[in-house]
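Comments concern the structure below.
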Amino acid sequence: MCGIAGIVAYDSVNQDLYEALTVLQHRGQDAAGIVTCEGGRMHMRKDSGLVRDVFHTRHMRNLRGNMGIAHVRYPTAGCTSSAEAQPFYVNSPYGITLAHNGNLTNAESLKQDLFVTDQRHLNTDSDSEVLLNVFAHELQEIGKLKVDTDDVFQAVSGVHARCRGAYSVVAMLTGFGIIGFRDPYGIRPLAYGKRETDKGTEYLIASESVAMDVLGFTLVRDLQPGEAIVIEANGRLHTRQCAERPMYSPCIFEYVYFARPDSIIDDISVYKARMRMGDKLAEKILRERPDHDIDVVIPIPDTSRTAALQLANRIGVKYREGFIKNRYIGRTFIMPGQQLRKKSVRQKLNAIDLEFKGKNVLLVDDSIVRGTTSEQIIEMARDAGAAKVYFASAAPPVRYPNVYGIDMPAVEELIANGRSEAEIQQELGCDWLIYQDLADLIDAVQKGNPAIARFDTSCFDKDYVTGDVDQDYLDHIGLQRSDEAKSQRNGDPSILELHNVV
């Protein structure tokens, strides 16, 4: 998962891009980058680390220009090399930079095509660099010295024809403008907003609407699946549908876990969707255990708070904050290595004993992926004196990998894979485990925008919306995402490999 932003303004955009990245930091803590355009020259700064650590005053001074794009990243395949920080750049044609959120499911075959047919060199293993070179090749095939908006839309159509999987993109053509586009399924989010100034209208493209709120932009709308937007350097805006058969299928996990609650994605309030998840979960509890003995509902901070509070209200039980979170520890399910994850859980959360002692506690989390965090938290609740520990997940069992840009682990590392809910309960060590039903989760999200008939729910039901994901591909990404593979890759980041696909 990554966060992307692009701005066309009348004054310097470096500070706005920096602030957009800080607001989108929850989408990636591994690396950050900004590139700006000043006339015909680009200025770039990117590196591994948090936004506040990558950009210092000297870097900000060098990021001159009134348009630019930005990116925060966590690595889908687990590599933490600074060589894969974005945006990426190619000089031919025209000078293009690109930042990408998602994952291409046909990246390997595209690499082969780019090398053999398009005669393009790739310097990293990132599928974002693949996407950039496909886009660059499509532009180059037009064969014009100077492109116009029609040419850009034609190139995006070419990308849709060649690329499979999930991709939300911001790109910049030197001296021309900013481009944003979304895959034909709209799996990953992308929206744009505007800000009126005394000089004219300025535009922002971003992964989440919250970036617009913070920077004083008004959300205009989400890009439709397959749609592209072009904002010229002079401020003129153009949009066009570039896919032949778009099919709205946004990732439901955005609403469960990744997106900020104050964002609106595809006309659905993330906050209200999570409230409805809490309602649905409460209804299931009352249906299955109308005579429950729950004394207190306690959320696992932060993303489960909204659902947990609504759940507590619906079942008529006290809601309490029982864990204090250290906000300087990253999200644990994407950390490489089981021992590191276990250590990080204890560093991340500390229990308030008086909220647990002698009580039957219902812990609520947004989801259960590996189960490492859940198991440790249940143990912490018992250590704090809980009489009984119940555990509720606002999402169904995660049984399959996400192949569209979320770094879920190899399938054998998912606690729900191959296990019944009773077996998962025993593995976690809780007294009762309750999962959200998939139909209820879909209903909770879909109620915000009934026009969306389908969501990507593949990590729950193995229904991959792009239709090109088979067991061979799942086995391939499983090898990439296993803890062993990640530990082998995350060696010396100063070593840069130059390679071609042969």
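Here the structure is a predicted model, which means the values were calculated and not measured.
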For this session: For a side chain to side chain donor-acceptor pair (under 3.5 Å) with R73, tell me which candidate from E84, Q86, H100 qualifies.
Result: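 Running side chain to side chain donor-acceptor pair (under 3.5 Å) over E84, Q86, H100 with R73 returns exactly one hit, E84.
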Problem set entry | Result of checking R236, E196, K194, R195 against T201 for side chain to side chain donor-acceptor pair (under 3.5 Å) |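 The side chain to side chain donor-acceptor pair (under 3.5 Å) with T201 is passed solely by E196 among R236, E196, K194, R195.
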Exercise. Given D267 and R221, is the salt bridge (charged side-chain N to carboxylate O under 4.0 Å, His left out) satisfied, shown in steps?
Worked result: CA-CA 8 Å; D267 289 330; R221 64 177 176 85; over 6 Å; no
Given 3.5 Å as the limit, does a donor-acceptor pair link the side chain of [X] with the main chain of [Y], or not?
| X | Y | answer |
| --- | --- | --- |
| D148 | D151 | yes |
| H137 | V134 | no |
| R45 | V54 | yes |
| S209 | I264 | yes |
| Y94 | F176 | no |
| N66 | A9 | yes |
| Q436 | A394 | yes |
| T97 | F88 | no |
| S109 | N106 | yes |

Exercise. Y404 and T466: side-chain donor and acceptor closer than 3.5 Å?
Worked result: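 Yes, a side-chain donor-acceptor pair sits under 3.5 Å.
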For this session: Assess the side chains of H238 and E232: does a donor N or O sit below 3.5 Å from an acceptor N or O?
Result: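 A pair is found: one side chain offers a donor N or O, the other an acceptor, under 3.5 Å apart.
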Problem set entry | Interatomic distance, M67 atom CE to T174 atom OG1 [nearest 0.5 angstrom] |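 That separation rounds to 7.0 Å.
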For this session: Please round to the nearest 0.5 Å and tell me the distance separating atom CD1 of I252 and atom CD1 of I442.
Result: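 Rounded to the nearest 0.5 Å, the CD1-CD1 separation comes to 5.5 Å.
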For this session: For the pair E38 and H43, evaluate side-chain contact (heavy atoms from CB on, under 4.5 Å) and give the outcome as yes or no after the intermediate values.
Result: CA-CA 8 Å; E38 180 188 31; H43 308 283; 2.8 Å; yes
Exercise. Should the pair E129-R120 be classified as a salt bridge under the 4.0 Å nitrogen-to-oxygen rule?
Worked result: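 A salt bridge is absent here (no side-chain N lies under 4.0 Å from a carboxylate O).
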Exercise. Does D183 come within less than 4.0 Å of R188, counting only side-chain N to carboxylate O?
Worked result: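 Not counted as a salt bridge, because no side-chain N and carboxylate O are separated by less than 4.0 Å.
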Inspect the surroundings of [atom1] in [X] and state if more than 12 heavy atoms from other residues, nucleotides or ligands are less than 6.0 Å away.
| X | atom1 | answer |
| --- | --- | --- |
| R41 | CZ | no |
| M247 | CE | no |
| Y10 | OH | yes |
| K144 | NZ | yes |

Exercise. Given the rule in the salt bridge (charged side-chain N to carboxylate O under 4.0 Å, His left out) test, do R274 and D279 qualify, once you have shown the distances and angles that lead to the verdict?
Worked result: CA-CA 9 Å; R274 289 176 184 169; D279 286 333; over 6 Å; no
Exercise. If every non-hydrogen atom of F258 is compared with every non-hydrogen atom of E208, which pair is closest and at what distance?
Worked result: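 Minimum heavy-atom contact is O-OE2, 4.2 Å.
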Exercise. Are the aromatic rings of Y167 and H160 close, with centres under 6.0 Å apart?
Worked result: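 Close enough - the centres of the two rings lie under 6.0 Å apart.
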Problem set entry | Audit row: E254, R260, salt bridge (charged side-chain N to carboxylate O under 4.0 Å, His left out) steps and yes/no | CA-CA 9 Å; E254 289 277 356; R260 276 181 45 151; over 6 Å; no
For this session: Evaluate the ring planes of Y203 and Y192, with Trp represented by its six-membered ring, and classify them as parallel (under 30°), tilted (30 to 60°) or perpendicular (over 60°).
Result: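 Tilted.
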For this session: Please report the C-alpha distance between T457 and D461 in whole Å, then the side-chain angles of each, then the deciding distance to 0.1 Å, and finally whether the side chain to side chain donor-acceptor pair (under 3.5 Å) criterion is met.
Result: CA-CA 6 Å; T457 56; D461 60 7; 2.7 Å; yes
